[in-house]
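Reading through the structure tokens given below for one structure.
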Protein chains: 2
Amino acid sequence: MPPVNLKRLAQELNLSIASVSRALQDSHEVSSQTKERVRALATALNYQPHAYASSLRRNLSKTIGVVIPKVANHFFALAINGIEEVARQSGFQVLISLTHDDYAREVSIIQHMKGGRVDGLLMSVASGTEDFAHIKSLRESNIPIVFFDRVCAEVSTAKVTTNDYESAFQATEHLIQAGCRRIAHLLISNNLSIGQFRQQGYRDALLAHGCDVDPTLILHGVMDNEQNVALIRDLLLRRPDIDGVFASVERLAISTYRVCKELGRTIPDDIKVIGFSNLEAASMLDPPLSTVTQPAYDIGREAAKILLRALEKKKAILPSQSQVLKSELFQRQSTAAAPAR
Amino acid sequence: MPPVNLKRLAQELNLSIASVSRALQDSHEVSSQTKERVRALATALNYQPHAYASSLRRNLSKTIGVVIPKVANHFFALAINGIEEVARQSGFQVLISLTHDDYAREVSIIQHMKGGRVDGLLMSVASGTEDFAHIKSLRESNIPIVFFDRVCAEVSTAKVTTNDYESAFQATEHLIQAGCRRIAHLLISNNLSIGQFRQQGYRDALLAHGCDVDPTLILHGVMDNEQNVALIRDLLLRRPDIDGVFASVERLAISTYRVCKELGRTIPDDIKVIGFSNLEAASMLDPPLSTVTQPAYDIGREAAKILLRALEKKKAILPSQSQVLKSELFQRQSTAAAPAR
DNA sequence: TTTATCTACGTAAACGTTTGCGGAAAATGA
DNA sequence: TCATTTTCCGCAAACGTTTACGTAGATAAA
């Protein structure tokens with residue numbers, strides 16, 4: 001059977017393709033009777049416009065790209081939900097691509113996206129990315145971009161982040177007030193501003209409370225979780241005086257739990273642990289994990305909103321403005337102060 | 001500045017558009033010197049082919065659609081990773097759309113996908129779906145589809161599942177052997193085969209061990225977690241003799257933990273709990289949760305492989321064959337038998 | 001009446017790519 | 001030498017849309 005496209009509809013209705021197209025767009029240039037005829041046949045034949053043909057002609061894909069490191073991560077999963085919600089309301093599709101925190105893949109993905117596939121981009125930078133030429137090149141393709149969470153300081157555009165410095169400060173302060181004196185900081189090795197902010201918050205909190213910053217207590221984690229467990233084990237064995245751990249990412253907090261169980265260190269008596277995390281089951285852990293929880297869903301929503309507003313106005317270059325949402329600190333068992341004796 | 005497309009390359013090289021196109025495809029119809037010239041300029045100008053134009057002309061999008069209920073779910077997140085891995089290796093893009101377990105959205109998404117957007121589809125059916133006309137209509141559009149996990153029995157095509165019946169049987173048996181006599185079964189209300197298989201495994205395990213099946217012990221959960229907590233609380237209060245819970249999905253197991261904490265029932269002494277789950281932190285829960293864990297990543301890989309093989313051979317209709325992968329049962333603290341007295 | 005405006009539709013070009021066809025020049029065969 | 005094949009390239013149509021422009025008829029204004 002012949003495909004059901006505009007030509008087919010036009011033939012069966014004795015109309016021109018143009019009129020059918022206009023009828024379906026509810027143009028004022030076509031009479032209401034013909035509109036009805038067209039719409040009737042369109043639904044009868046279950047006509048579906050060819051999205052790519054339309055994109056090609058209008059130079060608009062009605063699609064936004066989302067480039068993130070991974071999806072098996074509560075934060076990004078929730079952010080996607082927020083993005084998708086906003087996009088759907090505006091009739092946009094969402095094209096998700098995963099970098100797996102790999103620079104080469106990120107470059108390749110951005111290249112692909114540039115070929116007219118997307119109207120705009122939402123992005124959380126891969127931790128391995130140090131050169132940003134591929135991102136800057138989006139300018140020339142007139143593709144606006146909004147960073148969220150893992151922003152790129154070098155590129156001036158709109159950004160949605162959380163108050164990472166303050167949250168890290170609070171988390172560290174919370175550990176100090178719970179009685180910790182030797183606080184380790186676990187982070188994923190990268191030069192992204194987000195990691196720097198969190199580390200700075202950690203450092204400043206220590207200084208503000210008269211503790212000195214010991215660089216050997218700062219551990220740079222890697223991609224592989226097994227390796228992280230080994231690294232953390234080494235650290236805790238080498239420095240038995242560590243009585244607090246501030247994990248910059250969820251995985252490192254979980255790895256710390258694993259190591260503590262293995263070494264027989266009890267949380268929170270021997271070591272207190274707090275970490276950035278969006279884990280729903282945090283309160284069900286043994287012990288319940290104190291967390292800094294980012295408003296992931298809202299971050300996604302806000303980023304998408306900003307991007308869609310820009311697309312609406314056909315602004316390809318966004319003002320370098322950053323919106324900061326607040327994370328929430330949940331105090332749970334893992335950082336409970338020792339009972340007064 | 002003018003856009004960099006085939007026309008632009010052709011002009012600058014004094015060639016025809018056709019030759020440039022062929023050169024970039026490494027056609028034998030163009031000399032190796034010209035190929036070099038073309039490739040050189042293409043990389044110099046950072047030429048990126050227009051994916052949609054190519055799709056339109058070749059009637060191929062090099063894209064596979066993934067339609068799933070949600071992404072904030074370890075199982076689906078891992079499955080996506082598997083899918084993405086396979087797709088990337090074959091040069092395919094992955095277009096993810098979320099149904100949020102809503103029938104209307106699922107229909108709308110399938111409609112969109114039919115408009116030439118994707119070459120094939122991977123799908124896990126929404127729990128609310130009861131009519132499958134929208135799925136069957138894909139046949140007419142020549143779009144092959146592979147179901148994974150939440151398959152649709154009514155549609156005959158390739159399917160990738162896990163051994164749900166046996167896993168449920170084993171999980172229930174495990175509870176019985178740990179000493180449980182009154183075992184509740186929590187599931188998400190739906191008429192998908194997957195839910196039926198799991199329930200049947202539960203029933204048969206009870207019968208096989210001489211327990212009778214009590215329909216009032218089977219609880220149909222809903223979308224909202226708070227509501228589920230209330231439902232489970234009611235159930236446990238109404239039936240204080242319940243000493244075991246088999247949760248068909250992760251969320252319901254977590255909700256059970258919450259309720260038990262609230263009611264002061266200790267796991268596993270008062271109640272033992274096991275559930276389907278891909279939660280990485282399952283062993284860190286309080287107490288560590290016994291799980292039936294599906295090989296989510298492999299499921300994604302297998303489903304994608306089957307689909308891509310079909311696309312390779314231009315087979316739009318796949319033989320109704322189902323591949324069954326095995327889930328793994330992890331015994332942890334939450335189902336530990338009471339110490340002999 | 002004539003002229004101008006409006007309504008409703010068709011014609012055709014364009015978006016960027018791929019590809020069947022044809023053909024000129026070069027290479028090969030006799 | 002001529003005939004045949006091979007090599008390399010251009011022309012133009014096509015994919016399904018959208019849209020600038022043209023126009024025939026109807027209506028309104030003069």
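Residue numbers start from 1 in every chain, and the chains themselves are labelled A, B, ... in the order their sequence lines are given, proteins ahead of strands. Since the structure is predicted, the reported quantities are computational estimates derived from the model, not experimental observations.
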Report task. Please confirm whether any donor atom in the side chain of B:R22 sits under 3.5 Å from an acceptor in the base of D:dG10, or the reverse. Result -> yes

Requested in this report: Please work out if B:S21 contacts a base, only the sugar-phosphate, or nothing of the nucleic acid, heavy-atom cut-off 4.0 Å.
Outcome: base

Report summary line: On DNA chain D, more 5' by nearest nucleotide between B:A53 and B:N14 is B:N14

Requested in this report: Would you please confirm or rule out a distance under 4.0 Å between OP1 or OP2 of D:dT19 and any side-chain N or O of A:Q25?
Outcome: yes

Query raised in the report: How is B:T34 classified with respect to the nucleic acid when contacts are heavy atoms under 4.0 Å: base, sugar-phosphate, or nothing?
Result: sugar-phosphate

Query raised in the report: Base, sugar-phosphate alone, or nothing: which one does A:S31 contact when heavy atoms must sit under 4.0 Å apart?
Result: sugar-phosphate

Report task. Report the relative orientation of the aromatic rings in A:Y52 and B:Y52; use parallel for angles under 30°, tilted for 30 to 60°, perpendicular for over 60°. Result -> parallel

Query raised in the report: Looking across every strand, which nucleic acid part, if any, lies under 4.0 Å from A:I17 by heavy atom: base, sugar-phosphate, or nothing?
Result: base

Query raised in the report: Counting only side-chain N and O atoms of A:S19, is one of them less than 4.0 Å from OP1 or OP2 of C:dC9?
Result: no

Query - Any B:Y47 side-chain N or O less than 4.0 Å from OP1/OP2 of C:dG16 - result: no

Query raised in the report: Taking the side chain of B:L56 as heavy atoms from C-beta outward, which of C:dT17, D:dG10, D:dG16 is closest to it?
Result: D:dG16

Report task. Mind checking A:N5 for me? I need base, sugar-phosphate or nothing, with any heavy atom below 4.0 Å counting as a touch. Result -> sugar-phosphate

